[in-house]
Amino acid sequence: MSPAAQPSQNPSTSYDDILARLASLHPKRIDLTLDRMWRILERLDHPERRIPPVIHVAGTNGKGSTVAFLRAILEAAGLRVHTYTSPHLVRFNERFRLGKVGGGILVSDAQLRDALDHCERVNDGEPITIFEIETAAAFHLFAEHPADIVLLEVGLGGRLDATNVIEAPVASVITSIGMDHIEFLGDTLAKIAAEKAGIIKKGVPVVCAAQPPEADAAIEQAAKRLRAPLHAATQDWHVNVERGRLVYSDERGLLDLSAPRLFGRHQFDNAGLAIAALRAIGSLKLEPSAFEQGIARAEWPARMQRLTSGVLVASAPRDAEIWLDGGHNPDGGRVIAAALGDLEERVSRPLVVIAGMMGNKDAVGFLANFAGLTRHIIAVKIPDQDNAMEPDVLADAARQLGMRVEIAASVEAALNSVARLAYEVPPRILVTGSLYLAGHVLAENGTPPQ
């Protein structure tokens, strides 16, 4: 074992120290292959084979919200649910939730440190990415703690993602697919969908959100090849908004449920996908009350999240509405803009968008969604991110769309700038463009996810 890879024998060592050492073991942050995963899982005695039944979730947009609905419904039914999601917003622990009766809890610092330390030790200095080692740690944790079901979110793509070592999940779920991460997944929707469809397993039900035709075709082809029963939105199940309530229907009947707590029309679709997935699993027999309670209770930070108090909120104009969303691609921007349109219909306010993005994102495609809603964009740089987009680049994208744009040194400075403007009506402020920016805002505001 090389000196740099030596695990610390100091029990007080934080998991940040372990992650820092592990970051040096592979030159690429993202390197899609399963070879390194199979190697470490074999050395760990295959914990992925000893965990509870898995629901595997892939897609471009809506994965986290769909997982949140799945977890809330299952917990309302009294089940213990392990959950693995990414990325985190403020604390690394957010990625790992251990199932308990009455609701899961985030893994403790000590538990996470021990799991990462164990995985580092068995990895023995071999090349491995951070996401691969943390996924191995998740399997190790989930194998050590009893639960009824595991919700497993894909990190990137599907076919070669580190999570795609589960041989027989109870369901494969594919959320909305759009253009993102084209440098890894391909430059067409068909190519991207084929990568996402790589989580489909032989004979396992696959439940799919409504997709563009070329994505639909790729998913249908994969499901047919693997003889996996396909449950597709608008074909095999339907979700609608009626009198402000969520109405779901499939061949088994109709559910008339409360609206989701998560705001936006797209959250009705994500909730419908979660319902369809759970109803496609033959071993699950859930009462309607579990769906009702779960849909109404589900929470997921930084997805059209209203910030009503905190350090940053205090910097904004008095009585302003402040919304936070981590959307970062054109399709994500589209659903955010639709949600803002719904808010505008209820109560009209001038809109200001504070945006920060990563350098590999389509800024013009994302901001174009807001061109009809606002002409005021404030560009900021995401702190502590080497690949963050420079504000002047983001500002140029806004100017291409005919938007009035300014640059601020930080989100707090942007809010102070808005506070100096003389609005007749308190404005509606959206902070968006990246989950990394959203996490920074929650930390700075003093309102991290619980």
Side-chain angles (χ1 to χ4, degrees), residues 51-59 62-79 81-84 147-154 158 163-164 166-177 193 196-211 215-240 246-257 260 267-295 298:
I51 63 176
V54 171
I55 298 176
H56 202 185
V57 182
K63 295 192 299 295
S65 297
T66 300
V67 168
F69 284 119
L70 287 166
R71 180 169 64 83
I73 295 167
L74 289 164
E75 289 181 345
L79 299 178
V81 187
H82 290 332
T83 310
Y84 179 56
D148 301 298
I149 201 157
V150 172
L151 302 178
L152 187 64
E153 180 187 339
V154 165
T163 63
N164 200 29
I166 302 300
E167 296 174 350
V170 291
S172 305
V173 181
I174 302 178
T175 68
S176 175
I177 293 175
K196 308 285 186 185
I199 70 165
I200 298 174
K201 302 298 188 297
K202 186 175 181 179
V204 174
V206 53
V207 187
C208 184
Q211 306 289 356
D216 252 337
I219 294 167
E220 288 177 8
Q221 183 180 20
K224 184 177 181 180
R225 184 178 70 254
L226 293 166
R227 298 180 181 176
L230 178 60
H231 304 262
T234 73
Q235 298 178 44
D236 304 290
W237 56 271
H238 304 265
V239 61
N240 295 292
L246 186 155
V247 178
Y248 172 93
S249 60
D250 59 20
E251 62 179 8
R252 293 170 55 186
L254 181 144
L255 292 171
D256 185 350
L257 307 170
Q267 296 297 2
F268 284 79
D269 296 327
N270 292 331
L273 180 60
I275 296 168
L278 295 174
R279 283 165 72 100
I281 301 170
S283 59
L284 282 178
K285 307 296 181 185
L286 303 181
E287 296 295 328
S289 60
F291 292 105
E292 172 73 24
Q293 294 171 27
I295 295 302

Student: Any idea which heavy atoms bring A298 and A68 closest together, and the distance?
Tutor: CB-O, 3.8 Å
Student: Roughly how far, to the nearest 0.5 Å, is the CZ atom of R227 from the CD1 atom of I200?
Tutor: 15.0 Å
Student: Verify side chain to side chain contact (heavy atoms under 4.5 Å, CB included) between I275 and D250, making sure each step is shown before the conclusion.
Tutor: CA-CA 10 Å; I275 296 168; D250 59 20; 6.0 Å; no
Student: With the side chain counted from C-beta on, respond yes when P52 and D148 share a heavy-atom pair under 4.5 Å apart, and no when they do not.
Tutor: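 No, every pair of side-chain atoms sits at 4.5 Å or beyond.
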Student: What distance do K196 atom NZ and S172 atom OG have between them, rounded to the nearest 0.5 Å?
Tutor: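 Those atoms lie 14.0 Å apart.
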Student: How long is the span from the CZ atom in F69 to the CZ atom in F268, to the nearest 0.5 Å?
Tutor: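 It comes to 8.5 Å.
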Student: Shortest non-hydrogen contact from H231 to P229?
Tutor: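 Scanning both residues, the minimum pair turns out to be CD2-O, 3.6 Å.
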Student: Looking only at atom types and distance, does a side-chain atom of Q211 sit under 3.5 Å from a main-chain N or O of T175, one as donor and one as acceptor?
Tutor: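 It does hold such a pair.
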Student: Measuring only between side-chain heavy atoms, which start at C-beta, is V150 closer than 4.5 Å to I166?
Tutor: no
Student: Work out which heavy atom in A271 is nearest to a heavy atom in P260; give both atom names and the distance.
Tutor: CB-CG, 4.3 Å
Student: Is it the case that the side chain of W237 and the backbone of G272 share a donor-acceptor pair, with hydrogens and angles ignored and the cut-off at 3.5 Å?
Tutor: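 Here the side-chain-to-backbone pair does not exist.
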Student: Should L74 and L284 be marked as a side chain to side chain contact (heavy atoms under 4.5 Å, CB included) after you check the CA-CA gap, both sets of side-chain angles, and the distance that decides it?
Tutor: CA-CA 10 Å; L74 289 164; L284 282 178; 4.1 Å; yes
Student: Mind checking the CD1-CG spacing from I174 to D216? Nearest 0.5 Å is all I need.
Tutor: 10.0 Å
Student: Does K285 reach the main-chain N or O of S283 with its side chain, forming a donor-acceptor pair under 3.5 Å?
Tutor: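 The answer is no, because no donor-acceptor pair under 3.5 Å joins these two groups.
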Student: Do the non-hydrogen side-chain atoms of I219 and I177 ever get within less than 4.5 Å of each other?
Tutor: yes
Student: Would you please test K201 and N164 for side chain to side chain contact (heavy atoms under 4.5 Å, CB included) and show each step?
Tutor: CA-CA 10 Å; K201 302 298 188 297; N164 200 29; 2.6 Å; yes
Student: Going from CG on L230 to CD on E220, what distance comes out if it is rounded to the nearest 0.5 angstrom?
Tutor: 6.0 Å
Student: Going through the distances and angles, do I281 and I55 end up as a side chain to side chain contact (heavy atoms under 4.5 Å, CB included)?
Tutor: CA-CA 9 Å; I281 301 170; I55 298 176; 3.7 Å; yes
Student: Of L273, V154, L70, L152, which meets side-chain contact (heavy atoms from CB on, under 4.5 Å) against V57?
Tutor: L70
Student: Which heavy atom of A274 sits nearest to which heavy atom of T66, and what is that distance?
Tutor: CB-O, 4.0 Å
Student: Give a yes or no on whether E287 atom CD has more than 12 heavy-atom contacts from other residues, nucleotides or ligands under 6.0 Å away.
Tutor: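 Counting other residues, nucleotides and ligands, CD of E287 stays at 12 neighbours or fewer.
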Student: Can you name the closest pair of heavy atoms from V207 and A276 and give their distance?
Tutor: CG1-CB, 3.6 Å
Student: Can you find a pair of side-chain heavy atoms, one from V206 and one from L226, that are under 4.5 Å apart?
Tutor: no
Student: If you compare all heavy atoms of A193 against all heavy atoms of A218, which two are closest, and at what distance to 0.1 Å?
Tutor: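 Heavy atoms only, the tightest pair is CB-CB, 3.8 Å.
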Student: Is any side-chain heavy atom of V67 less than 4.5 Å from a side-chain heavy atom of V173?
Tutor: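 Side-chain contact under 4.5 Å: no.
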Student: Any sub-3.5 Å donor-acceptor pair from E153's side-chain atoms to K63's backbone N or O?
Tutor: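 Answer holds: no.
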Student: Just by distance, do the side chain of R71 and the backbone of L151 share a donor-acceptor pair under 3.5 Å?
Tutor: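 No, because the side chain of R71 does not come within donor-acceptor range (under 3.5 Å) of the backbone of L151.
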Student: Using side-chain heavy atoms (C-beta onward) and a distance below 4.5 Å, is L255 in contact with R279?
Tutor: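 Side-chain contact under 4.5 Å: yes.
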Student: Within this structure, what is the OG-CD1 distance for the pair S289 and I73, rounded to the nearest 0.5 Å?
Tutor: 11.5 Å
